[in-house]
Amino acid sequence: MSTKTLGWILTIFPILGLLSWLFSGLPTEPSGELEGGYSAYAALLKDINADRIHVFMGLASITFGVGTISLVGLRMIVGEKSKSSIAFLSGGLLIVGFAGTIAENGAFSAATSLAQEGLMAESVSMLTIATTAGGFATSIMSLGILFLGISLYQTNTVHIISSVAFMITGLIGIIGGILFYDSGPITAYYASFTITTVAIGIELVRKGAD
């Protein structure tokens with residue numbers, strides 16, 4: 001894959017993934033911010049179209065999957081310039097983290113179906129699994145992002161601002177995934193990840209070869 005093609009993918013697919021989440025119909029307020037927590041969140045799921053959740057969670061998994069593989073491709077470009085063990089580890093962490101994200105998306109979809117069948121206790125259990133899996137997966141993936149950012153900085157693959165921003169994004173994700181994944185501040189991670197990845201993608205498009 002050419003650098004320019006990789007750049008286009010990194011520019012487009014994070015945005016598509018974020019839009020898939022936004023248009024899925026899931027409650028916009030995190031469960032940790034609701035009075036009543038997971039039980040209140042499950043109650044909100046009763047009024048949501050389950051088919052819509054299934055479709056958009058599937059789309060989110062696909063788009064973020066393509067984006068993750070593209071980040072692994074970026075790691076391979078870095079690997080051609082450096083034999084750093086940090087660069088090598090970043091690819092594996094990104095893949096493991098994304099696997100946990102698939103579990104999270106599936107659990108949210110299952111929680112919606114269970115809530116609409118009146119199985120509220122089971123729905124709450126699935127929401128707990130979704131949040132736990134999503135939080136840990138985010139921390140693991142963010143560690144990969146941090147390592148990739150360090151590798152980008154060491155090899156001067158992208159502008160120093162982009163590589164440092166990627167490192168900061170990774171730190172936010174590591175901390176947020178463990179401490180406040182079900183709260184509003186986690187949006188800082190999603191926003192910074194999307195903006196930084198798109199910025200790196202645009203940079204690769206501008207200076208990459210066809």
Side-chain angles (χ1 to χ4, degrees), residues 8-34 36-72 94-142 144-145 169 172-173 176-177 180-198 201:
W8 278 116
I9 295 173
L10 289 174
T11 302
I12 296 171
F13 277 83
I15 297 175
L16 293 177
L18 187 61
L19 290 175
S20 297
W21 266 93
L22 292 176
F23 288 105
S24 67
L26 285 171
T28 55
E29 191 168 3
S31 55
E33 302 286 341
L34 292 172
Y38 293 134
S39 296
Y41 196 94
L44 292 176
L45 294 179
K46 292 181 66 176
D47 300 322
I48 297 174
N49 188 311
D51 291 336
R52 178 179 175 181
I53 297 292
H54 298 330
V55 170
F56 279 96
M57 286 295 94
L59 290 174
S61 296
I62 293 170
T63 52
F64 278 121
V66 173
T68 300
I69 294 302
S70 298
L71 288 175
V72 174
L94 288 167
I95 292 173
V96 172
F98 174 68
T101 301
I102 295 177
E104 176 190 14
N105 291 351
F108 269 118
S109 182
T112 304
S113 296
L114 290 167
Q116 295 188 356
E117 293 173 7
L119 302 173
M120 302 309 292
E122 290 80 356
S123 179
V124 170
S125 295
M126 292 306 299
L127 288 173
T128 304
I129 292 172
T131 303
T132 304
F136 290 164
T138 296
S139 294
I140 293 171
M141 190 168 184
S142 295
I145 291 171
T169 297
I172 294 172
F180 50 81
Y181 188 72
D182 61 350
S183 301
I186 195 63
T187 56
Y189 163 73
Y190 291 119
S192 59
F193 172 77
T194 302
I195 293 170
T196 306
T197 304
V198 170

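- A 4.5 Å side-chain heavy-atom check between Phe98 and Leu71 finds every atom pair outside the cut-off.
- Note that CG of Leu22 is 11.0 Å distant from OH of Tyr190, once rounded to the nearest 0.5 Å.
- Phe13 is not listed as a side-chain neighbour of Thr68, based on a closest heavy-atom distance of 4.5 Å or more.
- In this structure the side chain of Leu26 never reaches within 4.5 angstrom of the side chain of Phe56, judged on heavy atoms.
- Rounded to the nearest 0.5 angstrom, Thr187 OG1 and Ile172 CD1 are separated by 10.0 Å.
- Rounding to the nearest 0.5 Å places CZ of Phe64 at 6.5 Å from CZ of Phe193.
- Side chains of His54 and Ser113: a donor-acceptor N/O pair is present below 3.5 angstrom, by distance only.
- We find the OH-OG distance between Tyr41 and Ser123 to be 10.0 Å, quoted to the nearest 0.5 Å.
- Not a single donor-acceptor pair under 3.5 Å links the side chain of Ser109 to the backbone N or O of Asn105.
- Counted by atom type alone, Thr131 and Asp182 present zero donor-acceptor pairs between their side chains at under 3.5 Å.
- Under a 3.5 Å cut-off, the side chain of Thr63 and the backbone N or O of Ala60 do form a donor-acceptor pair.
- Counting heavy atoms from C-beta on, the side chains of Leu45 and Leu127 come closer than 4.5 Å.
- Nearest heavy atoms, Ala137 versus Gly97: CB-O, 3.2 Å.
- Here the straight-line distance linking atom CE of Met57 with atom OG of Ser24 works out to 4.0 Å at 0.5 Å rounding.
- Atom-to-atom distance recorded for Ile195:CD1 and Thr169:OG1 is 8.5 Å, nearest 0.5 angstrom.
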